[in-house]
Amino acid sequence: MNNIEVATFGGGCFWCVEAVFQELRGIENVVSGYTGGQAPAVPTYREICSGLTGHAEVVQISFDASTISYYDILTVFMTSHDPTTLNRQGADVGTQYRSVIYYHNDSQQKIAKEVLLEMDSYYDTPIVTELSALEKFHLAEAYHQNYYKNNSEQGYCSAVITPKLIKLRKMHADKLKK
């Protein structure tokens with residue numbers, strides 16, 4: 001029986017995070033979007049890139065909790081990007097690229113705190129990942145959805161996303177779709 005839950009994370013470019021989670025067993029759906037800011041009411045990618053909205057690029061994941069736990073999803077998230085760099089992932093710089101976990105309920109908040117503490121020893125420098133309650137999620141434009149699947153030969157995808165997927169497949173082989 002399916003036990004569908006929702007999780008929301010920002011770990012740099014949402015194309016990268018989306019591609020990682022689409023490979024995991026128990027993930028039902030992954031959509032790219034924006035959250036964490038104040039304005040505008042319906043933000044656009046161009047506005048997000050200005051850095052003036054306060055929104056982060058995020059993915060919202062629907063997952064079957066009877067197949068993959070929120071704890072395991074967070075562990076994958078924390079090892080698939082660099083949670084020790086403030087407002088940047090690689091060459092992507094700005095508050096829209098911050099590392100952030102948006103929790104949907106008290107249980108997710110508690111588990112996220114546990115994972116952040118556990119992961120602290122995994123990295124040589126302090127984790128700067130934000131932990132915030134999700135307020136409003138805004139779906140990104142259609143061309144951002146399934147970006148890697150639709151554009152895997154594009155330069156950014158080959159240079160940035162493909163290496164992340166290779167790392168994922170080595171570190172978390174037991175969690176991948178068959």
Quick one: does E141's side chain have a donor or acceptor within less than 3.5 Å of a partner on Y45's backbone? yes

Tell me, do C16 and Q89 make a side-chain contact under 4.5 Å, heavy atoms counted? no

L131 vs K113, test: side chain to side chain contact (heavy atoms under 4.5 Å, CB included). Steps then yes/no. CA-CA 8 Å; L131 180 58; K113 285 180 179 179; 3.5 Å; yes

Can any side-chain N or O of R169 pair as donor or acceptor with the backbone N or O of I166 at less than 3.5 Å? no

Is any side-chain heavy atom of S32 closer than 4.5 Å to one of Y147? no

Mind listing the closest non-hydrogen atom pair of H55 and Y34 along with its distance? CB-CB, 4.1 Å

L168 vs L165 side-chain heavy atoms within contact, under 4.5 Å: yes

To the nearest 0.5 Å, how far apart are CD in Q108 and CG in L74? 7.5 Å

Crowded around K167 NZ? As in, over 12 foreign heavy atoms under 6.0 Å? yes

Would you confirm whether T95, through its side chain, and N87, through its main-chain N or O, come within 3.5 Å as a donor-acceptor pair? no

CG of D106: more than 12 outside heavy atoms within 6.0 angstrom? no

Say you draw a straight line from CG of L52 to CD of Q96; how long is it, rounded to the nearest 0.5 Å? 9.5 Å

What one should report as the nearest heavy-atom pair of T67 and G26 is CG2-CA, 3.6 Å

Pairs flagged by ring pair (Phe, Tyr, Trp, His ring centres under 6.0 Å) wherever residues 152-178 is involved - sequence neighbours left out: W15-Y156

Treat each ILVMFWY residue as a node, draw an edge where side-chain heavy atoms are under 4.5 Å apart, and state whether L139 and L134 are in one component. yes

Looking at K177, I want to see if its NZ is surrounded by more than 12 non-hydrogen atoms of other residues, nucleotides or ligands under 6.0 Å. yes

Would a 4.5 Å heavy-atom cut-off, applied to side chains only, mark I101 and L116 as touching? yes

Begin from the C-alpha positions of M78 and I127 and carry the test side chain to side chain contact (heavy atoms under 4.5 Å, CB included) through to its verdict. CA-CA 10 Å; M78 294 298 292; I127 291 174; 3.9 Å; yes

Under the 3.5 angstrom rule, does the side chain of T162 hit a backbone N or O of C157 as a donor-acceptor pair? yes

Does a side-chain heavy-atom distance below 4.5 Å link P83 with F77? no

Rounded to the nearest 0.5 angstrom, the CD1-CZ distance for I68 and F63 is 8.0 Å

Rounding to 0.5 Å, atoms CG (L24) and CD1 (I73) come to a distance of 7.0 Å

Without hydrogens or angle criteria, can the side chains of Y71 and E118 be said to hold a donor-acceptor pair below 3.5 Å? yes

Does one hydrophobic cluster hold both Y148 and F21, with members joined at side-chain heavy-atom distances below 4.5 Å? yes

Counting distance only, does the side-chain N/O of R25 pair as donor-acceptor with the main-chain N or O of D174 below 3.5 Å? yes

For the residue pair Q145 and N150, establish whether any side-chain heavy-atom pair is separated by less than 4.5 Å. no

For the hydrophobic clusters of this structure (ILVMFWY residues joined by side-chain heavy atoms under 4.5 Å, transitively), does one cluster hold both V160 and M171? yes

Say whether V76 and Y103 are linked into one hydrophobic cluster, either directly or through other cluster members, by side-chain heavy-atom distances under 4.5 angstrom. yes

Looking at OG1 of T85 and OH of Y123, how far apart are the two atoms once the value is rounded to the nearest 0.5 Å? 9.5 Å

Roughly how far, to the nearest 0.5 Å, is the CD1 atom of I111 from the OH atom of Y70? 7.5 Å

Taking V31's backbone N and O only, do any of them form a donor-acceptor pair with E18's side chain (distance below 3.5 Å, no angle check)? no

Polar side-chain atom of K164 near backbone of S80 as donor-acceptor pair, under 3.5 Å: yes

Donor-acceptor contact present, side-chain S158 to main-chain G155, <3.5 Å: no

Using residues 4-14 as the side-chain source, report each donor-acceptor pair under 3.5 Å to any protein atom, sequence neighbours left out, with the distance given to one decimal.
from : atom 1 : to   : atom 2 : distance (Å)
T8   : OG1    : Q60  : NE2    : 2.9
T8   : OG1    : H104 : NE2    : 2.8

N3 backbone acceptor or donor facing D64 side chain under 3.5 Å: yes

Would V20 and V30 count as a side chain to side chain contact (heavy atoms under 4.5 Å, CB included) here? Give the steps. CA-CA 10 Å; V20 164; V30 183; over 6 Å; no

Check whether L176 and I61 end up in the same hydrophobic cluster, where Ile, Leu, Val, Met, Phe, Trp and Tyr are linked by side-chain heavy atoms less than 4.5 Å apart. yes

